[in-house]
Amino acid sequence: MPASPGLADGPIFVLAEMFADERAAGTPEDERAALKGAIAEASTGIADLMGQSGEEGAAILEFQLAMLEDDALAEPAYEMIAAGASALAGWRAAMDAQITGFETADDDYFRARAADLADIRDRVTAILTGSAAQTVPPGSVVAGEDITPSRFLQTDWSRGGAIVLGDGSPSSHVAILARARGVPMVTGIGKADFASHRRALVDGGTGNVVLSPDGEAEARYRERCRIDAAQRHLAEAHLLKPAVLADGERVQVMVNIAAPEDVDAIDIASCDGVGLMRSEFLFHGETALPDEKAQYLAYRKVLEWASGKPVTIRTLDAGGDKPVQGLTVEEANPFLGLRGIRLSLTRPDVFKSQLRALARAAVYGDLKVMLPMVTVPEEIDEAARLLDGCLAELIGEGVPAKRPQLGIMIEVPAVAILPERFARAAFFSIGSNDLSQYVTAAARDSSAVARLNTAGDPAVLHLIAHVAGEAKRLGIPLSLCGDAGSDPVLLPALLSAGLRTLSVAPTALGRVKSAISQIRP
């Protein structure tokens, strides 16, 4: 499956950790010292890497560093060494057992961390065997069964390159990093004898991979690169211009962001504000849930950057494929369980902390607060009651605060079918990713049913048009903040349905504006 846009070609660098045969053990004291030294070296390497990897990369590596610095991690290995095992054998056996434990854990959070443990295991193993210095040649197509986050972060992608994995997932940590850095990546292609090929063409947008391409394949690739370059040039020309349909009608194009640091690389002149700021980033990679002050500062940063343009912040959308340690619960079907506003209302202590932070930040700009996973009107009422209570508390404490508008995401079919039931919301925003998932009954994180889960399904488009019509009749502002808004193929249908406000990834701003300029509704 594609996990990153773009094209890349280059020589294949087969990703394979080649470990030396396990040597005979020395004295227990020597082996213990060897393992302890390797762990210390690995910790130093991860700490250095964190400082070079940006917000997303650092958050992913933070867990690994904390685990390596916990003496309990290596204790089983030290016990095996005392019984006569080598440092290498003891470490790998102990870590394999812990990885299995994480993979079979009941909690989603711990299952998701199994890959991080495997990364830790391989990093220390490479130091013990002397293979840690293995580097990827610039511009290579890295191919193998999977790639660890630290290996990705250690690789120089500034001179091109791509990733092709027999396994892997488009929602993995590495896929997130690849998208953020514009590295073309294709996952889940199955078994392939990468070692027998010297070159590959990789199209991260379509998911196509050609091993040992012939002249005809290379010619098609060059033509695709030419077209892509022309489209990028056109997109750059539209980036700082307003989005306007072919008949002159204005379309609002906003950005989706995942962290306050995202705005550092975005010119506010290139967009009409923030249509979706995900607040989940504050609740990951922490040993404790973030306090009110940490959230307030994050929200305030984005509002000040927006310089008066609207900023829509979604309250915590934990659950589903986004477990949060200490907050979400283990469920048989988390996508249909206690997630989004459902979870927030069961944890008023956590929810009120977020609402207080939002009310404080609202003083610094045009803030709108959006509730995810709303299913019944009473959820809006309860959230509004808590927000009003938080505002009263802040005013009573003499803390500057303001009541932001309170709107909802439309992603549950029950809301899309009867949006008039939710007219008490200040605004609607269609979450096309989850709406598509629930309408088609095809999980968004499953490659097996990915072909079914599409916002282009006639039933999904019908519901979007229905919501647009009802929102216009009710006089409720409407936007769309899912991936469908960035799809040039779907844009004509979305705009014909009546949508005039879209929120897209920052990297899609110019491309979407360019596509809009060619559409005549």
Side-chain angles (χ1 to χ4, degrees), residues 5-6 54-56 179-182 228-279 281 296-314 358 361-370 402 404-405 407 427 429-430 432 477-488 490-492 494-495 499-521:
E55 184 72 20
E56 286 177 308
R179 281 191 289 270
R181 287 158 175 75
D228 275 12
Q231 290 176 340
R232 284 195 300 273
H233 180 73
L234 193 60
E236 289 170 0
H238 282 83
L239 183 60
L240 295 179
K241 297 179 180 179
V244 181
L245 289 164
D247 64 358
E249 185 178 1
R250 183 80 160 83
V251 177
Q252 300 288 314
V253 181
M254 311 177 86
V255 290
N256 298 333
I257 62 172
E261 293 77 15
D262 290 354
V263 302
D264 295 338
I266 305 171
D267 186 341
I268 185 60
S270 68
C271 65
D272 294 303
V274 176
L276 169 64
M277 177 181 175
R278 300 174 175 91
S279 61
F281 73 95
Y296 157 70
L297 292 174
Y299 306 146
R300 175 178 170 176
K301 172 184 172 70
V302 177
L303 283 159
E304 290 180 330
W305 163 85
S307 303
K309 291 184 178 181
V311 172
T312 300
I313 299 179
R314 184 176 66 189
L358 288 164
V363 174
Y364 295 90
D366 182 7
L367 175 62
K368 301 179 180 182
V369 173
M370 182 161 62
K402 178 182 174 182
Q405 293 185 45
F427 61 90
S429 183
I430 297 173
S432 61
L478 173 69
S479 64
L480 183 143
C481 61
D483 289 341
S486 302
D487 189 340
L490 294 179
L491 276 174
L494 297 177
L495 294 169
L499 284 165
R500 289 299 180 270
T501 302
L502 305 171
S503 192
V504 303
T507 54
L509 278 168
R511 183 175 72 246
V512 169
K513 289 182 180 183
S514 174
I516 288 172
S517 70
Q518 303 172 48
I519 297 173
R520 188 176 297 277

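Once rounded to the nearest 0.5 Å, the distance linking OH of Y364 with CZ of R300 reads 3.5 Å. Rounding to the nearest 0.5 Å gives a distance of 7.5 Å between CG of L358 and OG of S279. Put simply, NZ on K241 and CD1 on I516 are 14.0 Å apart, with the number rounded to the nearest 0.5 Å. One finds the CD1 atom of I257 at 6.5 Å from the CH2 atom of W305 (value rounded to the nearest 0.5 Å). Put simply, OG on S429 and CE on M254 are 9.5 Å apart, with the number rounded to the nearest 0.5 Å. To the nearest 0.5 Å, atoms SG (C271) and CG (L509) are separated by 6.0 Å.
Pairing each heavy atom of P260 with each of V263, the nearest pair is O-CG2, 3.0 Å. The two residues Y299 and M277 have their closest heavy-atom pair at CD2-CE, 4.1 Å. Among all heavy-atom pairs drawn from L303 and A361, the shortest one is CD1-O, 3.1 Å. The shortest heavy-atom contact between P506 and I266 is CG-CD1, 3.6 Å. Scanning both residues, G275 and M370, for their nearest heavy atoms gives O-CE, 4.1 Å. Scanning all heavy atoms of the two residues, the minimum distance from G485 to L491 falls at O-CD2, 3.4 Å.
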Would you sort out whether V504 and V253 count as a side chain to side chain contact (heavy atoms under 4.5 Å, CB included), showing the intermediate values?
CA-CA 7 Å; V504 303; V253 181; 4.1 Å; yes
Test log, rule salt bridge (charged side-chain N to carboxylate O under 4.0 Å, His left out), inputs K301 and D264:
CA-CA 10 Å; K301 172 184 172 70; D264 295 338; 3.0 Å; yes
Evaluation steps, side chain to side chain contact (heavy atoms under 4.5 Å, CB included), between V274 and T312
CA-CA 6 Å; V274 176; T312 300; 5.8 Å; no
Stepwise side chain to side chain contact (heavy atoms under 4.5 Å, CB included) test for V311 and D366
CA-CA 6 Å; V311 172; D366 182 7; over 6 Å; no
Run K309 and I268 through side chain to side chain contact (heavy atoms under 4.5 Å, CB included) and show every step you take.
CA-CA 9 Å; K309 291 184 178 181; I268 185 60; 3.8 Å; yes
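Ion pair R250/D272 flagged as a salt bridge, since at least one NZ, NE, NH1 or NH2 atom sits closer than 4.0 Å to an Asp/Glu carboxylate oxygen. Under the 4.0 Å criterion applied to side-chain N and carboxylate O atoms, E249 and R500 are assigned as salt-bridge partners.
When the options I519, D487, L499 are evaluated for a side chain to side chain contact (heavy atoms under 4.5 Å, CB included) with L494, the one that passes is L499.
N256 contributes a side-chain N or O that, together with a main-chain N or O of C481, makes up a donor-acceptor pair within less than 3.5 Å. At distances below 3.5 Å, not a single donor-acceptor pair connects side-chain atoms of S514 with backbone N or O atoms of V512. Side-chain N or O atoms of K513 include one that pairs as donor or acceptor with a backbone N or O of L239 at under 3.5 Å. Not one N or O on the side chain of T501 forms a donor-acceptor pair closer than 3.5 Å with the backbone of Q252.
Looking at heavy atoms from C-beta onward, K368 lies out of side-chain contact with I313 at the 4.5 angstrom threshold.
For the residue pair S503 and S479, no side-chain donor N or O sits within less than 3.5 Å of a side-chain acceptor on the partner.
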